[in-house]
Amino acid sequence: MSRFAGTGLGALPADAIKREAVSCVSVAHTLVIVESPTKAKTIRGYLPKDFRVEASMGHVRDLPNNASEIPAAHKGEKWANLGVNTANDFEPLYVVPKDKKKVVKELKDALKGAERLLLATDEDREGESISWHLLQLLSPKVEVKRMVFHEITKEAIGRALESTRELDMELVHAQETRRILDRLVGYTLSPLLWKKVAWGLSAGRVQSVAVRLLVQRERARRAFRSGSYWDLKARLSHGGLRFEAKLSQVKGERIAGGGDFDESTGALKAGSKVRLLAEAEARALVSAVEAGPWRVTAVEEKPTVRKPVPPFTTSTLQQEANRKLRLSARETMRTAQALYERGFITYMRTDSVHLSDQAINAARNCVAVRYGKEFLSPAPRQFTTKARNAQEAHEAIRPAGESFRTPADSGLDGRDLSLYELIWKRTVASQMADAKLTMLAVDLEAAAGSAEGPASFRASGKRIDFAGFFRAYVEGSDDPDAALEGQEVLLPALKVGDAPAGEAVEALGHQTQPPARYSEAALVKMLEKEGIGRPSTYASIIGTIVDRGYATLQNNSLTPSFTAFAVTALLEEHFPDLVDTSFTARMESSLDEISTGKVEWLPYLEGFYKGEKGLETQVLQREGDIDPGVSRTVELEGLPCVVRIGRFGAYLEKKRVADDGSEELLKATLPVEITPADLDAERAELILKQKANGPESIGVDPETGESVYLLFGQYGPYLQLGQASEATPKPKRASLPKGSKPDEMTLEDALGLLRLPRHLGEHPGGGKVQAGLGRFGPYVVHDKGKGEKDYRSLKGDDDVLAIGLSRALELLAEPKRGRGGRTALKDLGTPEGAEEAVQLFNGPYGLYVKQGKVNASLPEGTTADTITLEQAVELLAAKASSGKGSSRARPTKATAPKASAAKSPKPASKASGSTKPAKPATKPPVTTKTGRLRASAVRVIKPASS
């Protein structure tokens with residue numbers, strides 16, 4: 001019998017059948033179960049009074065996360081740690097996590113008085129799976145139906161009530177197979193990585209392929225060789241309008257550009273029929289053409305049409321939110337989830353670009369009202385999905401309802417408003433008219449003398465004849481109006497034979513650039529293009545890659561670590577299929593076919609895991625062939641040493657001859673900010689040299705007489721005043737501000753950082769004002785006395801070493817931002833006897849009040865206009881006394897953020913379920929018994945010249 005059998009769906013008791021025959025009215029006391037309290041709160045307002053809505057708080061069952069969750073009856077089984085009995089038709093061992101036992105009990109209690117159960121979890125595979133797990137756990141003896149909707153509005157909920165259905169077991173099969181498959185891959189390969197590379201690493205069906213994409217791009221950056229070329233830019237004018245033209249040909253030969261170079265050699269591609277200008281030639285050509293006459297030789301106008309892009313899918317929303325709003329995939333999905341659950345947008349996990357008739361009508365009405373009927377497309381637009389393995393074919397992400405709330409009328413703020421506005425604009429633009437443009441090109445000739453021959457230049461422009469959908473939405477731009485101006489490049493009215501006036505000619509040098517690292521948006525786009533994984537999982541996949549140390553996210557770029565290089569190399573050599581994009585895409589297609597019933601789930605799992613070519617056999621056969629010493633080594637071309645992966649991160653290793661003539665190994669820790677693509681022979685030699693010879697002083701502090709050192713620890717560069725000794729075991733240290741270049745650090749700046757915090761003056765309200773550098777960056781603080789301090793972060797242009805009292809007071813006068821960077825909606829006042837004011841905020845789960853570190857949600861029916869200070873105080877007091885708040889809710893003394901240079905990372909949270917050990921603390925530079933610094937990786941910086 002299948003493990004999915006016995007669901008009991010549609011089984012109605014005899015008395016229930018009689019009641020259904022007598023009346024079509026909803027059965028009294030119907031229990032509706034959704035995933036979250038916010039969704040429950042929103043949906044409750046659209047249901048009859050005799051309906052009770054409860055939240056499951058997400059998944060209620062899962063495979064065991066660690067050994068403590070394995071039931072006693074199975075602890076002795078070999079397969080128990082895997083959580084899947086591969087010998088018994090891959091039967092999963094599902095357990096209720098400890099933090100969900102209370103939820104399950106409350107749901108069972110709620111079911112006792114119910115006469116009908118509606119499972120209203122999300123309409124995708126995961127939602128179907130949650131409903132199935134609820135059904136298995138609750139074992140209801142009443143009518144059970146599945147209730148699905150893709151937006152939370154009164155009309156949508158009404159339609160869902162009228163069209164309930166049975167549980168879709170094919171969707172359940174697909175989701176459960178996916179879950180089991182991911183567990184088999186992760187729990188079979190990860191222990192191998194622990195033994196062969198480093199403890200605590202993980203492998204994953206989609207995760208490992210995504211990491212390989214990052215590594216391949218980084219390898220391309222290492223292999224890249226830059227090429228240099230020169231060209232000319234001329235500034236001309238005609239009829240009072242200035243324009244620019246670029247050199248295109250000399251003597252009929254096309255001038256080389258960036259695309260003509262071979263990335264692996266830095267030279268021109270073989271067979272390129274172009275002319276490569278050197279600097280001397282370019283400057284000589286400037287002299288030859290700048291005095292000569294200019295003549296227009298050709299004018300071309302080419303009309304073109306731009307059509308609006310489709311409404312958002314999960315993938316395109318993540319990409320555009322990353323480009324425009326700088327939101328990570330995880331932040332985008334978290335915000336979108338909150339907007340959906342509060343009834344602002346439709347369901348946010350979808351591959352479809354389809355719009356319902358109601359949505360099209362609403363969007364077209366917005367266009368007519370806001371922009372005018374002339375901006376409407378002649379007929380309603382409908383789009384078709386082109387993504388590989390597209391599924392969940394309900395509707396695109398759009399504003400909810402039969403009429404769309406404008407962003408200004410939504411009542412949203414901060415990140416919620418920005419994302420809603422993005423979705424609103426894209427949906428409305430999809431029903432707008434095409435943009436009509438004219439592409440302009442003017443060819444000019446400048447006399448260059450008999451030696452050089454004629455030089456041809458080209459001026460390119462663009463004229464927007466009709467803005468169309470550009471009025472509402474320009475992809476990749478925050479401001480459509482500004483984007484319109486930026487897109488339009490006008491040229492003067494020129495015709496063949498005209499002689500524009502030359503104003504200046506400039507020689508420009510260029511260097512070809514290596515392939516750009518993946519941003520989150522670019523990685524999501526690539527994963528979707530290759531058909532790897534599901535867009536709804538990309539946020540968690542990228543989060544895992546960063547959390548596990550396979551990549552860092554800086555300046556919106558994902559940079560793979562040396563550990564990522566080592567793991568990818570091991571998997572490529574021994575398990576190539578598991579990191580092959582085509583193989584993974586075929587696997588994804590098979591999982592999709594399971595959801596439609598075209599493929600049976602059990603034979604598929606058998607073929608993947610068992611047999612001669614199955615994963616289980618491959619791992620057993622290859623484990624003995626993998627040498628840990630080799631798999632922990634990252635060999636990079638052109639280095640005088642090798643990179644190895646150790647317990648505490650990557651380090652350099654090189655053999656050298658000791659003073660006694662014997663051979664020894666020199667090892668030096670690699671600072672985390674050095675990436676595989678940036679590590680070259682010169683930098684490696686410097687790190688090894690400094691390790692061997694010890695640190696050198698930047699200079700001497702005139703006040704203390706101590707030397708100042710710039711050292712490189714595992715977590716980056718930092719300054720240290722003096723050496724550790726018995727008298728001073730912990731010398732003064734200071735981190736370098738983000739963006740500072742160690743090469744440019746002067747003694748003056750170093751001393752300034754070591755003397756932080758700076759006293760700026762007295763606050764008009766009493767207390768002192770200081771500027772300092774903490775773990776979250778530079779800040780100013782108003783020290784009010786008695787441990788009460790008020791902090792503000794410095795802005796981008798502020799310098800912690802130069803900021804004055806007046807600027808600090810400006811920053812301190814700005815309203816303090818609340819949770820998630822939100823600004824308070826209003827200040828309710830300060831209760832009698834209290835020191836901190838009570839403020840009202842609008843968060844992802846609705847309105848809440850905040851005083852100090854305590855937050856309390858507003859009850860149903862209470863609005864921003866009706867909440868009073870007295871009510872807020874009662875809510876906060878109840879929350880504080882309940883003990884349900886996090887440790888942050890307990891009052892603590894305000895302390896300045898500590899410098900990050902010597903801060904130890906926190907152990908892994910138990911709540912995360914992680915079994916990997918906590919990261920070791922960053923060790924200070926090791927000293928000898930005499931207190932002298934033992935050799936460590938430091939950077940030598942010369943004192944600034946006086």
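Just so you know, these numbers come straight off a predicted model, no measurement behind them.
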Any side-chain donor-acceptor pair under 3.5 Å between [X] and [Y]?
| X | Y | value |
| --- | --- | --- |
| Q318 | T332 | no |
| R349 | Q337 | yes |
| T350 | T314 | no |
| N66 | S68 | yes |

Under a 3.5 Å distance rule, please check whether [X] uses its side chain to pair with a backbone N or O of [Y] as donor and acceptor.
| X | Y | answer |
| --- | --- | --- |
| E54 | I33 | no |
| T346 | R398 | yes |
| T313 | D351 | no |
| S208 | R205 | no |
| T42 | E341 | yes |
| E530 | T581 | no |
| R426 | P310 | yes |
| N322 | L327 | yes |
| S561 | G549 | yes |

Can you name the side-chain contact (heavy atoms from CB on, under 4.5 Å) partners of [X], sequence neighbours left out?
| X | result |
| --- | --- |
| P308 | R381, D434, F469 |
| P778 | L773, L794, V800 |
| T537 | R534, S540, I541 |

How about [X] and [Y]: do any of their side-chain heavy atoms sit closer than 4.5 Å?
| X | Y | answer |
| --- | --- | --- |
| T559 | L553 | no |
| S36 | M57 | no |
| V95 | N65 | no |

Given R178, which of E588, E126, H173 fulfils the side chain to side chain donor-acceptor pair (under 3.5 Å) condition?
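Among E588, E126, H173, the one that satisfies the side chain to side chain donor-acceptor pair (under 3.5 Å) with R178 is E588.
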Can you list the residues that meet the salt bridge (charged side-chain N to carboxylate O under 4.0 Å, His left out) rule with [X], with sequence neighbours excluded?
| X | value |
| --- | --- |
| R217 | none |
| E218 | R517 |
| R183 | none |
| R330 | D547 |

Excluding sequence neighbours, so at least two apart, what forms side-chain hydrogen bond (donor to acceptor under 3.5 Å, both in side chains) with [X]?
| X | answer |
| --- | --- |
| K39 | E35, D122 |
| S356 | E395 |
| D409 | T406 |
| S190 | none |

Stepwise, does the side-chain contact (heavy atoms from CB on, under 4.5 Å) test hold for L355 with S430?
CA-CA 10 Å; L355 287 177; S430 73; 3.7 Å; yes
For [X] and [Y], which heavy atoms make the closest approach, and how far apart are they?
| X | Y | value |
| --- | --- | --- |
| S129 | Q175 | CB-CG, 3.5 Å |
| A872 | V838 | CB-CG1, 3.8 Å |
| A396 | F312 | CB-O, 3.5 Å |
| I130 | G58 | CG2-O, 4.0 Å |
| P97 | V60 | CD-O, 3.6 Å |
| L214 | A551 | CD1-CB, 3.9 Å |

Drop me the distance from [X]'s [atom1] to [Y]'s [atom2], to the nearest 0.5 angstrom.
| X | Y | atom1 | atom2 | answer |
| --- | --- | --- | --- | --- |
| Y340 | T38 | OH | OG1 | 12.0 Å |
| L417 | T335 | CG | OG1 | 11.5 Å |
| Y420 | K425 | OH | NZ | 12.5 Å |
| E528 | S315 | CD | OG | 3.5 Å |
| Q319 | L523 | CD | CG | 10.0 Å |
| T153 | Q358 | OG1 | CD | 6.5 Å |

Set out, in order, the CA-CA distance, both residues' side-chain angles and the distance that settles side-chain contact (heavy atoms from CB on, under 4.5 Å) for E128 and L167, then state yes or no.
CA-CA 7 Å; E128 208 75 16; L167 202 66; 3.6 Å; yes
Test K795 against E814 for salt bridge (charged side-chain N to carboxylate O under 4.0 Å, His left out), laying out the working first.
CA-CA 12 Å; K795 309 289 184 180; E814 293 180 0; 3.3 Å; yes
Full working for side-chain contact (heavy atoms from CB on, under 4.5 Å) between S56 and L107:
CA-CA 8 Å; S56 70; L107 292 175; 4.3 Å; yes
R61 to W132, cation-pi by 6.0 Å centre distance and 45° axis angle
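Here R61 passes the 6.0 Å and 45° test against W132.
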Would K41 and Y46 count as a cation-pi pair here, with the cationic atom under 6.0 angstrom from the ring centre and within 45° of the axis?
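Verdict for Y46: no cation-pi partner in K41.
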Check: Y94 ring centroid to H133 ring centroid under 6.0 Å:
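For Y94 and H133, the ring centres are under 6.0 Å apart.
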Pair R179-E176, salt bridge (charged side-chain N to carboxylate O under 4.0 Å, His left out): steps then yes or no
CA-CA 5 Å; R179 182 71 186 96; E176 297 307 296; over 6 Å; no
Starting from the C-alpha separation in whole Å, work towards a yes-or-no answer on side-chain contact (heavy atoms from CB on, under 4.5 Å) for K525 and T316.
CA-CA 8 Å; K525 185 175 182 179; T316 54; over 6 Å; no
Which ring pair (Phe, Tyr, Trp, His ring centres under 6.0 Å) pairs, counting each pair once, include a residue from residues 528-561, with sequence neighbours left out?
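Listed by first then second residue: nothing to list.
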Using salt bridge (charged side-chain N to carboxylate O under 4.0 Å, His left out), reason through R342 and D416 one step at a time and then give a plain yes or no.
CA-CA 11 Å; R342 290 156 62 194; D416 296 337; 3.4 Å; yes
